[in-house]
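Here the structure is laid out as structure tokens; the discussion comes afterwards.
Within every chain, numbering begins at 1; the chains are lettered A, B, ... in the order of the sequence lines, protein sequences first and strands thereafter. For clarity, every value in this text was computed on a predicted model and none was experimentally measured.
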2 protein chains.
Amino acid sequence: MPHPKFIARLQAIEGLSEDERRQIAGLPSTLRQVADGEIVLRQGEAATRCVFIVSGFLYQSRIVGDRSQTLAFHIPGDMPCLHTLLVSPMDADLVGLGPTIVGTVAHSQLRQLLDSSIHLTRAFWRETLIDAAVSRQWIARLGAQAALPKVAHLICELAARLEIVGLVKGNSFQMPMTQRHVADACGLSIVHVNRTIQELRHRGLIAWDGSEIELLQPDELRQLADFTPDYLG
Amino acid sequence: MPHPKFIARLQAIEGLSEDERRQIAGLPSTLRQVADGEIVLRQGEAATRCVFIVSGFLYQSRIVGDRSQTLAFHIPGDMPCLHTLLVSPMDADLVGLGPTIVGTVAHSQLRQLLDSSIHLTRAFWRETLIDAAVSRQWIARLGAQAALPKVAHLICELAARLEIVGLVKGNSFQMPMTQRHVADACGLSIVHVNRTIQELRHRGLIAWDGSEIELLQPDELRQLADFTPDYLG
DNA sequence: CGTGCTGTTGAACTGGGTCAACCATCGTGG
DNA sequence: CCACGATGGTTGACCCAGTTCAACAGCACG
């Protein structure tokens, strides 16, 4: 099943055996095209299959009061709803960001595989712990940073995660995020996100045209954002 | 080892066998007194033992820029650094809140137990997933709510979690939190937290004297906070 | 060729921050 | 026993980062 990227990541950290890799790769899965803005899983829905991203992006979004808050972005190789394996209902909508290809594996199949291997279970557990570390980072961002570092931090995080799966080419990457998505993720208004991004551009830290984002001065950007990538793995 | 409260919670959800409960209870652990403000584990430190709370409270705190941001509160029965079992370094300070009694279990002991039981591994995995669900809730709070619902939500969350472990008596509970702690957790200034709590008091929603917090109108408070407790288990 | 979405700009407004007092409580040491 | 310094809660005045409202331009798409 999953993407080579996902297996590679498990591999890198937990050191899977040849056999274990074959077992994961052999999981029966179905691929599916997801359109921009399409809801893959709805909040409250009890998932029966796990989703993994082959290409493109997803994000988790929740309505709170009259705002919509983004809880996480997911990139190729991620399994955004792995936790539904043990805690069934989704606590947010899972939405497509740009045209995306996802695969799904039945909970029953995955559970069967994990039941047979403590080592694989630990590898998957670890994946959910990294998601949790990212969430804690978001808490720190949202609670304690001003608008400029907030947006800078989000960009740094995406760049660092995409780097890990080899989707950054010379400090730039593709991601079809609009300023609305940034606003929902950072808890800011669209207007202010616009001015903030202009400020980042004006300082010569980033270039952002359409869906291409480039880090012009990565070190300065990371410093401004107070970003250190160690929590990602 | 752990507190009966912790075992009870695992029990309630995953349904442990008599034997499994005995195995957990039999883990060698040492108890220890923690003073108010004392740092149990420091950010960056590679933990070799897991902590569980017997009585009192801990919180996770991280310095970001010139502010200090609280990432989570922990109550009796919690294992605040269970994740260090798989992702070793702490990403925040673990601090005592009021006089607290904690126990610790060696990673090696815990790992040995979990290695022998897929079922127990899943039960512990599930615990970390609930922590993650709480974190996502914090993201929503910090990103999308105004000051009044933010503070109200924090109080609702603590009340709901304490209720689960039987530490709420007739809508009131003990927690030696200062307004500074609330400010650090909600990303607000102390002064504004003070005014916000006064507003909650003035509306007749809560009473808060010293370390005793009482929900005078729980339903109204939950409505104001947009709080639903389902994510807690 | 309208309709809707994204980005952009300006102006006015406000929620919450900052600064600066002041009070009450409490543990401590002279 | 009392003066003290420290800590936590409270209040008032002023300020600013970010919001809201409104308008407009570019572009993609049916």
Side-chain angles (χ1 to χ4, degrees), chain A residues 35-38 59 64-70 95-99 141-155 174-202 206-213 224, chain B residues 35-38 59 64-70 95-99 141-155 174-202 206-213 224:
Chain A
D36 181 54
E38 183 183 338
Y59 64 94
V64 22
D66 58 346
R67 300 181 59 98
S68 103
Q69 176 67 41
T70 295
V95 190
L97 179 57
R141 242 202 16 236
L142 292 173
Q145 289 190 306
L148 196 64
K150 260 181 196 164
V151 174
H153 195 287
L154 177 61
I155 294 171
Q174 297 290 328
M175 179 150 188
M177 210 173 29
T178 70
Q179 297 184 352
R180 160 170 291 283
H181 292 113
V182 177
D184 286 351
C186 294
L188 298 168
S189 69
I190 303 182
V191 172
H192 200 247
V193 164
N194 179 290
R195 298 195 232 260
T196 305
I197 290 174
Q198 282 179 58
E199 174 72 17
L200 290 175
R201 277 201 271 250
H202 187 246
I206 64 165
W208 185 337
D209 184 45
S211 60
E212 164 128 6
I213 301 176
L224 171 66
Chain B
D36 181 55
E38 183 184 337
Y59 64 94
V64 20
D66 60 345
R67 301 181 57 99
S68 103
Q69 175 68 39
T70 294
V95 191
L97 179 57
R141 242 204 14 239
L142 292 172
Q145 289 191 308
L148 196 63
K150 260 183 195 163
V151 174
H153 195 287
L154 177 60
I155 294 171
Q174 298 289 326
M175 180 151 190
M177 210 172 29
T178 71
Q179 296 184 353
R180 160 171 293 284
H181 292 112
V182 177
D184 286 351
C186 295
L188 298 168
S189 71
I190 303 181
V191 173
H192 201 248
V193 163
N194 180 291
R195 297 196 232 260
T196 305
I197 291 175
Q198 282 180 58
E199 173 73 16
L200 290 175
R201 277 202 270 252
H202 186 246
I206 64 165
W208 183 337
D209 184 45
S211 60
E212 164 129 5
I213 301 176
L224 171 66

Within 6.0 angstrom of B:Arg180 CZ, more than 12 heavy atoms from elsewhere: no
Smallest separation among heavy atoms of [X] and [Y], with atom names:
X        : Y        : result
A:Lys150 : A:Gln145 : CE-O, 3.2 Å
B:Gly98  : B:Pro176 : CA-CG, 3.8 Å
B:Leu142 : B:Ala185 : CD2-O, 3.6 Å

Nucleotides bounding contact with chain A, strand DNA chain C, heavy-atom threshold 4.0 Å: C:dT6 to C:dA11
Side chain B:Arg195 and base D:dG9 donor-acceptor under 3.5 Å: no
Quick one: [atom1] on [X] to [atom2] on [Y], what's the gap to the nearest 0.5 Å?
X        : Y        : atom1 : atom2 : value
A:Leu224 : A:Ile155 : CG    : CD1   : 10.0 Å
B:Ile213 : B:Met175 : CD1   : CE    : 7.0 Å
B:His192 : B:Leu148 : NE2   : CG    : 9.0 Å
B:Arg141 : A:Gln69  : CZ    : CD    : 12.0 Å
A:Met177 : A:Leu154 : CE    : CG    : 5.5 Å
A:Ile190 : A:His181 : CD1   : NE2   : 10.0 Å

Contacting residues from residues 142-151 of chain A, given that a heavy atom lies under 4.0 angstrom of DNA chain D: A:Ala146, A:Ala147
Sorted by number, the residues of residues 178-186 of chain A with heavy-atom contact under 4.0 Å to DNA chain D: none
Touch class at under 4.0 angstrom, heavy-atom based, for B:Gly37 against every strand present: nothing
Sugar-phosphate only, base, or nothing, as touched by B:Leu188 at under 4.0 Å among non-hydrogen atoms: sugar-phosphate
Please give, in whole Å, the distance from [N] [atom2] to [X] [atom1]?
X        : N      : atom1 : atom2 : answer
A:Asp36  : D:dC29 : CG    : C1'   : 14 Å
B:His192 : D:dG12 : NE2   : P     : 15 Å
A:Ile190 : D:dT20 : CD1   : C1'   : 12 Å
B:Ile197 : D:dG9  : CD1   : C1'   : 10 Å
A:Asn194 : D:dA25 : CG    : P     : 16 Å

Sole candidate of B:Thr196, B:Asp184, B:Asn194 that passes side-chain hydrogen bond (donor to acceptor under 3.5 Å, both in side chains) when paired with B:Gln179: B:Asn194
5′-ward residue of the pair B:Met177/A:Val191 relative to DNA chain D: B:Met177
